[in-house]
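Data first, discussion second: the structure below is written as structure tokens.
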Amino acid sequence: MELSWDLLHPVMSVPYLPTLGPLHPDALSGDLLDAIAQVAATGGFLSHDKDRRWSDRKDERLLVGDVHQDARRTLIPTLTGRGVLRVHLYGAPEHRPEAMETAAKLAAVHDAASARVISFQAAPDPVAASTRVQLRTFDQPALPVGGIEHLDTLPEPVRATFGAFAEKLAGEGFAFLHSRIDSVGPVLTAIREDRVVGAIGPMETMPDPIGRARLLPQYFGVLPEYRGLGLGRRLWRAAMHWGHANGADYQLLQTTAGGASDRLCQAEGLTDLGFVCTTTV
């Protein structure tokens, strides 16, 4: 069936659309939903898709023909090139069993390696893995932070330690970032004993669906032995200063509920936009 914005919008509790992820609430529209559907089978990117910086082809596609909608709930399935079938559930938690059954059936039809249900709610789910969507606007100045350096301005022996740092935090995505380090925006670093011990980046902006500058998500981490010293907060604030200085209007983040980044963002006063909850089928 065709996707209906008029049916989806009333049951959307978090500003999040399949294949694009979290969005500024003002950027949501029926036209945007139509655009996602139009490129679903092409492998192409919308001009404002943040994934464009990592690939020349969109990995996740919307399965338009398998959408289920009525006034109470909307189920939107997607499939990635890695064989991950996701059913995005918009509506009350009581519809999750239906969404899980749908995900299992579609995974079999499309020979998917795994299936998940992505649901949306105002509080963390006691069973599903939950991430909080948070909004940081740049309508107020962000002060500069001392002691944080751009990676590409470091002396070469210090810069070279970023590889070892990235390997130690490979689980946070830094090994991937290191592999792309010459083709992305600046990375901000914390240095101790002539080596990189914390980093946030890449620092880049991109116009959103309505033309406002969005500061894109970054990889963010501090080596375990240097945590608890305030380096994470300094890196975060330096990143926010970069965003303000480079014309960003806002940033959206997804943080693991209750995790260190989540607590930091809450302490920094970001606006809570709700939770994205993932259940493995």
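Computed over heavy atoms, backbone and side chain alike; hydrogens, waters and symmetry mates excluded.
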- All heavy atoms of Arg96 vs all of Ala128, minimum pair found to be NH1-CB, 4.5 Å
- Query: Cut-off 3.5 Å, side chains only: do Thr80 and Glu60 have a donor facing an acceptor?
  - Reply: no
- Query: Do Leu235 and Gln218 touch side chain to side chain, with heavy atoms closer than 4.5 Å?
  - Reply: no
- Query: Is there a donor-acceptor pair closer than 3.5 Å between any side-chain N or O of Gln251 and the backbone N or O of Leu216?
  - Reply: yes
- Task: Identify the two heavy atoms, one from Arg52 and one from Ser47, that lie closest to each other, and give their separation to 0.1 Å.
- Result: NH1-O, 2.7 Å
- Query: Are Val117 and Leu8 joined in one hydrophobic group, where the rule is that I, L, V, M, F, W and Y side chains link up if heavy atoms are under 4.5 Å apart?
  - Reply: no
- Message: Tell me whether Glu94 is salt-bridged to Arg73, with the criterion being a basic N under 4.0 Å from an acidic carboxylate O.
- Response: no
Atom pairs and distances, side-chain donor-acceptor, residues 149-169, under 3.5 Å, sequence neighbours left out:
residue : atom : partner : partner atom : Å
Thr153  : OG1  : His150  : O            : 2.8
Thr161  : OG1  : Val158  : O            : 2.6
Thr161  : OG1  : Val196  : N            : 2.9

- Spell out, yes or no, whether Trp242 and Val222 are grouped together once hydrophobic residues are joined by side-chain heavy atoms under 4.5 Å, including indirect joins. yes
Enumerate, atom names and distances included, each donor-acceptor pair closer than 3.5 Å involving a side-chain atom of residues 200-209, sequence neighbours excluded.
residue : atom : partner : partner atom : Å
Glu204  : OE1  : Arg53   : NH1          : 2.9
Glu204  : OE2  : Gly185  : N            : 2.7
Asp208  : OD1  : Ile210  : N            : 2.9
Asp208  : OD1  : Gly211  : N            : 2.9
Asp208  : OD1  : Arg212  : N            : 2.9
Asp208  : OD2  : Tyr250  : OH           : 2.7

- More than 12 heavy atoms of other residues, nucleotides or ligands under 6.0 Å from CG of Asp139: is that the case? yes
- Query: Under 3.5 Å, is there a donor-acceptor pair between the side chain of Gln69 and the main chain of Ser4?
  - Reply: yes
- Item | Side-chain (Arg86) to main-chain (Leu79) donor-acceptor, under 3.5 angstrom | no
